[in-house]
Peer 1: 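Dropping the structure in here first, questions after.
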Amino acid sequence: MKKLKFIGNPLLQSREKINMSSDKKWLTLKTTEDNEEFVVEESVAIMSNVIKNMVEDGCASSVIPVPRVKGNAMGKIIEFCKKHTEESDEKVLKEFDAEFLNLGPDALYDLMVSANFLEIKVLLDSVTTKVADMIKGKSSEEIRNILKIENDLSAEEIEESRRENCWTRQE
Amino acid sequence: MSATYTYTYSKRSSNKTFSWEVLNLIAMKCDAKTLATASCVSKLWASSMSSDHLWKSVCTTHFPSLSNLHPSISYRRIYALGLASAKRRRQPPPEPRLSIDDLLFAVTIPPGKSRDGSITILKPFSELENHPEGRFRFDVSLNDVVSEKLMVDEEDDGDMKISSSIVMRGYESVFRVLDRKGKTSRREWWFTEELPSAGCCFCNGASGLLAEITLVFGETVVVVTGSGTEKKERKKKVVEKVRIGVMNVVSTWRYATVDDALRYLQHFLLPKPAAV
């Protein structure tokens, strides 16, 4: 086995112990906001359309800079993509997603924004569905509480939207 | 190998800005009711959730015929209209202003070739036998009304003409049901008339209702007339009941409900409501 030399990142160093087969490609994703690096298999990374295009166009060097995505979110995203590339059983994936998305609104928000930016359709679908389910059937006040949104509507605007939407109350 | 990252996040201010893009993605997963409620959350949500393209698919699915009103009005408004209109169509008619207890049934059976004197029955509907499912069909037993059996046969009475009315208690008003010759058959003789339109919606045209008076037979007796060589034996049917019914004849022939019949009759029996 080739002994690979890694400098700097402790995460990378631990890979020396792993038996790496030579036909698996690895990429390094670096979040430029907080300079965290993540080593992932190419097959996992290309769940992101953005990264996939970069790789196919040949402009992906060994380290791919990823703006706008925080390290925390990146970690979560990789965890998600990994599971979805490894597992093909629909039922298992569904259970995983349900558990995975058991997050607070801030985390969900970050995931959504990041998944949107990285164009990871499966993740985006799951998160948006989860949020849509969270607000379904709730009153506007409850939605604000759940997602921690400030009400910036003026009194007239509130009155007007009440009138426009009064049919929601008459079922 | 998988390293699970626990998500830790610093305290954020509650002024998180959902970008329009993100909101749009969530909105596309929401049903109409959720979209409408979500429009009341904040300014950004209001503009995002009211976006016409979101409401377009909802509208064209639920109310395709109304969707042509766009772009004179927004799809969101069309949806609200469609919902209100569907609700109105489902609304049942108001309670009748007439009660069955206010009405009396009158029917006259004329004299026949072998029968003198007509028979007139006048009885409150409340004393008549009602249809088991509460439809407008009432029977009066002749035993309760006349002392002698009423007997008919085709030869003597085949061209009989029956008259019937519905009378308002206190003789305040009367609705003529029919004056007619009828059809005969072995088991029953029935007399029918199409009822006129109530005049509240149409100038001409049928009401879709049919009034029906039926003579229901019981036993058959043999009557002997004459003597000696002129002796004649005739089979006569005894009328057991007289029945009045109002039928709905538009798509299926069924007795109308009592309420429907009352709503019809009130046009003729109650004074017209004063013009506002």
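Below, chain A is the first sequence line, B the second, and so on; all start at residue 1. Computed from heavy atoms alone, side chains included, the values below leave out hydrogens, waters and symmetry copies.
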Peer 1: For the side chain to side chain contact (heavy atoms under 4.5 Å, CB included) test, which of A:T129, A:T128, A:L147 pairs with B:I26?
Peer 2: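 Result for side chain to side chain contact (heavy atoms under 4.5 Å, CB included) with B:I26: A:T128.
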
Peer 1: Identify which part of A:K138 has an atom lying under 4.5 Å from any heavy atom of chain B, answering side chain, backbone, both or neither.
Peer 2: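 Just the backbone, heavy atoms under 4.5 Å.
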
Peer 1: Give, as side chain, backbone, both or neither, the part of A:N116 having an atom under 4.5 angstrom from any heavy atom of chain B.
Peer 2: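 Answer is side chain: those atoms of A:N116 sit under 4.5 Å from chain B.
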
Peer 1: Before accepting this row, confirm whether a basic side-chain N of the pair A:D125/B:K29 lies closer than 4.0 Å to the acidic partner's carboxylate O.
Peer 2: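 So A:D125 pairs with B:K29 through a salt bridge.
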
Peer 1: Enter the distance from A:E160:CD to B:S39:OG here, rounded to the nearest 0.5 Å.
Peer 2: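 Those atoms lie 11.0 Å apart.
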
Peer 1: Checking the side chain of A:N151 only, and the main-chain atoms of B:S42 only, is there a donor and an acceptor separated by less than 3.5 Å?
Peer 2: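 Side chain of A:N151 to backbone of B:S42, a donor-acceptor pair under 3.5 Å: no, none is there.
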
Peer 1: Hey, could you give me each pair passing salt bridge (charged side-chain N to carboxylate O under 4.0 Å, His left out) that has a residue in residues 53-82 of chain B? Not counting sequence neighbours.
Peer 2: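 Found A:E164-B:R76.
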
Peer 1: Inspect the surroundings of NZ in B:K43 and state if more than 12 heavy atoms from other residues, nucleotides or ligands are less than 6.0 Å away.
Peer 2: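 Yes, the 6.0 Å shell around NZ holds more than 12 heavy atoms from other groups.
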
Peer 1: Looking at A:V113, A:I143, A:D152, which one has more heavy-atom pairs under 4.5 Å with chain B than the rest?
Peer 2: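 Top count of heavy-atom pairs under 4.5 Å with chain B: A:D152.
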
Peer 1: When you compare the side chain of A:K136 with that of B:D31, does any pair of heavy atoms fall below 4.5 Å?
Peer 2: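 Yes - at least one pair of side-chain heavy atoms lies under 4.5 Å apart.
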
Peer 1: A:R144 and B:V41: which non-hydrogen atoms are nearest, and at how many Å?
Peer 2: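 Looks like NE-O, 2.7 Å.
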
Peer 1: Which atoms of A:I135 come close to chain B, meaning under 4.5 Å heavy atom to heavy atom: side chain ones, backbone ones, both, or neither?
Peer 2: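 Looking at A:I135, backbone and side chain both touch chain B.
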
Peer 1: Do other residues, nucleotides or ligands put more than 12 heavy atoms under 6.0 Å from the CD atom of B:E194?
Peer 2: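 It does not: B:E194 CD has 12 such atoms or fewer within range.
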
